[in-house]
Protein chains: 2
Amino acid sequence: MTATEQDQFNSVDYNDPMVNRILDAGEQCIHRFGIRRTAMGEVARVGKLSRGSIYRYFADKEALVSGVFQRRQALYLNRTEAALEKLPTLVDKLTHSVVSGRQDMAEGIFASLAETEPETVAMMFLEPSFYQRSVSFWPPHIELAKREGEIGAAIDIETATDFIMRLAVSLVTFPDMGLNLKSRKDIRRYLQQVVSRGLG
Amino acid sequence: MTATEQDQFNSVDYNDPMVNRILDAGEQCIHRFGIRRTAMGEVARVGKLSRGSIYRYFADKEALVSGVFQRRQALYLNRTEAALEKLPTLVDKLTHSVVSGRQDMAEGIFASLAETEPETVAMMFLEPSFYQRSVSFWPPHIELAKREGEIGAAIDIETATDFIMRLAVSLVTFPDMGLNLKSRKDIRRYLQQVVSRGLG
DNA sequence: AAATATACAAAAAACGATTATTGTTCATTC
DNA sequence: GAATGAACAATAATCGTTTTTTGTATATTT
C-alpha cells in the first residue's frame, strides 16, 4: 500500500472540486436536518452526484460528517490566521479568536445542530481531537510575541500555547463563568490582564 | 404560599434522613444502571421506601437526578474546602482542586455514567449552572491571597474568581491541551506560572 | 480514469402494538 | 403528620415487524 492510498481518507484535498461538492451537500444537509436525519442518498441528491462517488472519497458516513466539520474548522483557522496577521499583539489576536469563535458557534452549522442534536454538539466540544488540531496554530504567534517582548523570554512555547488555547476554548465555550464578558472591549481587557500578568 | 412551601423542592435538606435515603438509593441506581434505566420504583425498592415518599421530597425524576448530582458537588466542595484550609497559597489550593476534581471525574458516579450515557455527561459538563454553583466558593480564598500579597492588590475579586474557575474547569475537563499535565507537580508548576505572572 | 447506476446483504431507522413508568390522588397505616 | 400502598390516566420505553439506509460490488457511461 502506497502512502497516497494509505492517506486517501485521512487527508482531504480541498482543491478537488468533487470533494467540495460532496462536503457542500453534506454541510447543507446537516445544517437543515441534523446528522442523524441526513442520509447518504440525500447528500448525493443535493450534490447532484452518485452515492458511489461519495464512498469513493469518504470511507463512511462518519468520515463525511467529520470531513464537513474539519473543513469548517480549517476555514475558521484560515480566516482567523489572515485576520491575525493584521493585529499587533498576542492579546489582540486572542481577543479576535474568541470573538470570531463565539460568532461561528452562534450562527453557523453549530447553532443549527445545537438545536436538533445538542448532545452531539456537546460530545464534539469535549472531544480532545477537536482542539488538538489547533495546537499547531498558535506557536508562531507566540514566538513573535516573545521576540517583540510582549511575553516573557523564559516562557516555553508549549506552556504558552496550552495557556492561550485554554483561555480561548474556555471563553468561547463558557461565555459566563462568574464574569460576564460580552463586548470585545471587556474580553480584551480581561485577556490583557491575565495574559500579561496573571493575577500578579 | 409560604417561603417554606415555595422552597420545598429548591433547597434540599441534607440533615433530613429521608432525603439522604432517597438520594443514596438514587445515586446507587444511577451508578449501576445509568439515568435512563433508573425507574422511580427501583429507587424506592433500593431505598426501602415508597414511591410516594420520593415524590414528597422531589418534584419529579429530573429533580431527583439533579439532587443526586448537587449533593455530590456539595460534598466535593465541602471536602475541598476543608482540604484548602490547610494549604498555604492560592496556587496550592487551585492545584489541589484540579487533582481532586480529576479524581472525582475518574472514579465516582461520573465515570460510570460516562460509560453508559456519555452524551448526558457531556451535556452536564457544558451546563453553565454546573459551574455557577461554585462561583461563591473562591472569593474568600482570593481575598486572603490578596491580603497575603500572593496576588496583586489591584485585581478585583470577580475577575480573579472567573480566571481561577476557568483554569480549574479547563484542567479538569481537558487534561491535555497541548501540554500533558499529569502529575501534581507538573500541574502546580504550570499554575504557579500562569496565576502569578501569566505569560509575562 | 472517474462518475454513474444498479443490485445486494447487513445494519439501522421508522412504525405500530404492547408493556412499563411517571406523576397524581387518596384512603389506610404507622 | 408523615409514610405507605393502591389505583389511575398520561406518558414513555420496549418489542417485533416493516421499511429505509448503509456500505460494497460490479457492470455501464462519460
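A note on names: the letters A, B, ... follow the listed sequences, proteins ahead of strands, and every chain is numbered from 1.
- Look at CD1 on Ile54(B): it is 15 Å from C1' on dA2(D), rounded to the nearest Å.
- At the phosphate of dA3(D), OP1 or OP2 sits under 4.0 Å from a side-chain N or O atom of Tyr57(B).
- Between the CZ atom of Arg56(A) and the P atom of dT26(D) there is a distance of 15 Å, given to the nearest Å.
- In this structure, Val135(A) and Met165(A) approach most closely via the heavy-atom pair CA-SD, 3.7 Å.
- One can place CE of Met40(B) at 14 Å from P of dT4(D), the figure rounded to the nearest angstrom.
- Candidate nucleotides dG23(D), dA3(D), dA7(D) were compared by shortest atom distance to the side chain of Arg51(A), and dG23(D) ranks first.
- The separation between Asp16(A) atom CG and dA3(C) atom P is 7 Å, rounded to whole Å.
- For the pair Arg36(B) and dA13(D), the criterion of a side-chain N or O lying under 4.0 Å from OP1 or OP2 is not met.
- For the pair Tyr55(B) OH and dT4(D) P, the computed distance is 15 Å after rounding to whole Å.
- Whole-Å rounding puts the Phe58(A) CZ to dA3(C) P distance at 12 Å.
- Of the side-chain N and O atoms in Arg37(A), one or more sit less than 4.0 angstrom from OP1 or OP2 of dA14(C).
- For the pair Asn20(A) and Arg71(A), the tightest heavy-atom approach, listed with the atom from each and the gap, is OD1-NH1, 3.1 Å.
- Looking at the side chain of Ser53(A), the nearest of the listed nucleotides dG23(C), dA3(D), dT4(C) is dT4(C).
- Note on Ser50(B): every side-chain N or O is 4.0 Å or more away from OP1 and OP2 of dA3(D).
- Taking for each of Leu49(A) and Thr38(B) the nucleotide of DNA chain C with the nearest heavy atom, the 5'-most of the two is the partner of Leu49(A).
- No more than 12 heavy atoms of other residues, nucleotides or ligands shown are found within 6.0 angstrom of CZ on Arg37(A).
- Atom CG in Asp60(B) sits roughly 5 Å away from atom P in dG23(C) (whole-Å rounding).
- Atoms CD (Glu42(A)) and P (dA12(C)) sit 21 Å apart, rounded to a whole Å.
- Residues Val43(B) and Val46(B) do not share a hydrophobic cluster, clusters being chains of Ile/Leu/Val/Met/Phe/Trp/Tyr side chains in contact below 4.5 Å.
- Distances from the side chain of Lys61(B) to the nucleotides dT4(C), dT22(C), dT22(D) place dT22(C) closest.
- Linking ILVMFWY residues whenever their side-chain heavy atoms come closer than 4.5 Å, directly or via other members, places Val12(B) and Ile109(B) in the same cluster.
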